[in-house]
> 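Got a structure here, written out as structure tokens. Questions coming.
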There are 2 protein chains.
Amino acid sequence: MAGLTAPLLGLEKKSLREQALSALRTAITSGELAPGRHLVETELSEMLQISRGTLREALRQLEQEGLLSAGPRGRLSVRHLDEKEIRDIFAVRAALESLAARTLCELPDRQHVTESLHSAIDAMNETTKGTLKERIESDLEFHRTLCRLTGNETLLHSWESLEGSIRMSIMFAGLEKGVSNMSVDRHREIVTAIDTGDAALARKTILEHMDTAAANLVA
Amino acid sequence: MAGLTAPLLGLEKKSLREQALSALRTAITSGELAPGRHLVETELSEMLQISRGTLREALRQLEQEGLLSAGPRGRLSVRHLDEKEIRDIFAVRAALESLAARTLCELPDRQHVTESLHSAIDAMNETTKGTLKERIESDLEFHRTLCRLTGNETLLHSWESLEGSIRMSIMFAGLEKGVSNMSVDRHREIVTAIDTGDAALARKTILEHMDTAAANLVA
DNA sequence: CCAAAACCGACTGTAAACAGTCGACTTATG
DNA sequence: CATAAGTCGACTGTTTACAGTCGGTTTTGG
């Protein structure tokens, strides 16, 4: 019966743990589970229709991703980010993406890289008129691609570990201030710098981009 | 009876999960669990005298730290790092510590920072004649302090997530090649640069330091 | 002797039950 | 009425038990 979910196109059936992980991540970054909210294992396990044991494994991972914070007695709650933490997160993010840009600049054959980045930017352009969520997603997709193209798995993994926190930062501020200015032009500048192999310029552009983004979120 | 373990000086009793985590980390980085070795949950749970459920929570965390790699059907094995991966890890590490140095340079009051870093270096000096493990630990302690002093919790957390992989890198190569050249002088250069607030120099010194370290490990 | 099918063992995925602890609320007592 | 002791409930930490699946091995039929 359970085998009916077709694993046809590499779409392997994910374990309940992974499903719970996705569901919780979505619930948190969508605001369904608001920052500061206390999480009760039995509630969640019932809500997600899984056992506590399986749930707890997912919770550990979310905790390490920085989406949950542990209270005194193992009590978990959705993490609340203050302005300093948002700035800190974006500083680390900038460092990682800065490395990504430098790495890409030093690549002997950047043909493929340039193409992929341009595709990502095109995708961003198409969602310019879309919902806020869509624009955020295409933006993150661009930056994730930046890291992935380096071929440095550790770099990609570190960035992805931060991705949840980045989403929370944007969401947290996205409610109060408008997060509308995710300029496509800025991203073109980055790609151009990488295209010409100008590592210093690429780094500078990214650092500025991140500074601006963080400033907009906390301003 | 169980209350006899004195939680006097903030030494709070750790959960079995945390104990297992420490034990496994030690076992892996000490080589007791060699890279490539397949891990069987029932074996480990019996070995550590804990249940599988509790163990699995610890395993998830180790997996995310990059100490374990998941096989086809949830099969876990101790991760084996090749030379490229070691270089990649040290590149990310360099980016993080580079950010740390820059952040420290921009701090208005660096008095306290300088003192702490000098203490860390003194500690390194004292272990100069110690065992290889002791020298490695004091070295990592210095770099961890670098990140901690920034006050950027995200930065510290990212670095610590990498710490296990760094240890594995050093160990992996430490067996074949000699990892004897952890120069104290290089660390003094970093502290001096921070002391004078020269962010560019600090960054340059750290990048070179990491390049050298990675090169020594894979050479 | 070879091949295919049935069997078995091992291991992970998952669920349900048990135990301990902390906080809140109630009750008794001066 | 205020305070302290006692009780109740909720939640996490932990263990034990069950189910499903894959790979290897043996057995059986040609």
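For the numbers below, each heavy atom of this structure counts, side chains included, while hydrogens, waters and symmetry mates do not. Residue numbering restarts at 1 for every chain, and letters A, B, ... go by the order of the sequence lines.
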> If you draw a 6.0 Å radius around CD in B:E32, do more than 12 non-hydrogen atoms from other residues or ligands fall strictly inside?
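Open: at most 12 neighbouring heavy atoms sit under 6.0 Å from CD of B:E32.
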> Round to the nearest Å and state the distance from A:L44 atom CG to D:dA10 atom C1'.
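Rounded to whole Å, this separation is 15 Å.
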> Answer yes or no: is there a donor N or O on one side and an acceptor on the other, between the side chain of A:T54 and the main chain of A:I50, under 3.5 Å?
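Judged by distance alone, no pair lies under 3.5 Å.
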> At under 4.0 Å between heavy atoms, which parts of nucleotides 14-19 of chain D does protein reach? Answer with one letter per nucleotide, 5' to 3': B base, S sugar-phosphate only, - none.
BBB---
> Test your reading of the model: is there a side-chain donor-acceptor pair from A:R52 to the backbone of A:S45, 3.5 Å cut-off?
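Judged by distance alone, no pair lies under 3.5 Å.
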> Check the angle between the aromatic planes of B:H187 and B:F142 and answer parallel, tilted or perpendicular using the 30° and 60° thresholds.
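Judged by the thresholds at 30° and 60°, the geometry between B:H187 and B:F142 is perpendicular.
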> With no hydrogens and no angle check, is any side-chain donor or acceptor of A:E134 less than 3.5 Å from a backbone partner on A:T131?
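At least one qualifying donor-acceptor pair exists.
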> Could you state the CZ-P distance from B:R75 to C:dT12, rounded to the nearest angstrom?
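Computing the B:R75:CZ to C:dT12:P distance gives 6 Å.
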> Scan B:L39 against the nucleic acid and name what it touches under 4.0 Å (heavy atoms): base, sugar-phosphate only, or nothing.
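Answer is sugar-phosphate: B:L39 comes under 4.0 Å of backbone atoms only.
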> Tell me the interatomic distance from B:E18, atom CD, to D:dT12, atom P, rounded to whole angstroms.
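Value for this atom pair: 16 Å.
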> To the nearest Å, how far apart are B:H38 NE2 and C:dA10 P?
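In whole Å, C:dA10 P and B:H38 NE2 are 17 Å from each other.
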> Between A:R60 and A:E57, does any side-chain N to carboxylate O distance fall below 4.0 Å?
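A salt bridge is absent here (no side-chain N lies under 4.0 Å from a carboxylate O).
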> Report the distance from atom CD of A:E46 to atom P of D:dA10, rounded to the nearest whole Å.
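Distance check: A:E46 CD to D:dA10 P gives 13 Å.
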> Please report, rounded to the nearest Å, how far the P atom of C:dT14 is from the CG atom of A:L55.
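Rounded to whole Å, this separation is 12 Å.
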> Identify whether any heavy atom of A:L76 sits under 4.0 Å from a base atom; if not, whether one sits that close to sugar-phosphate; answer base, sugar-phosphate or nothing.
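It contacts nothing in the nucleic acid.
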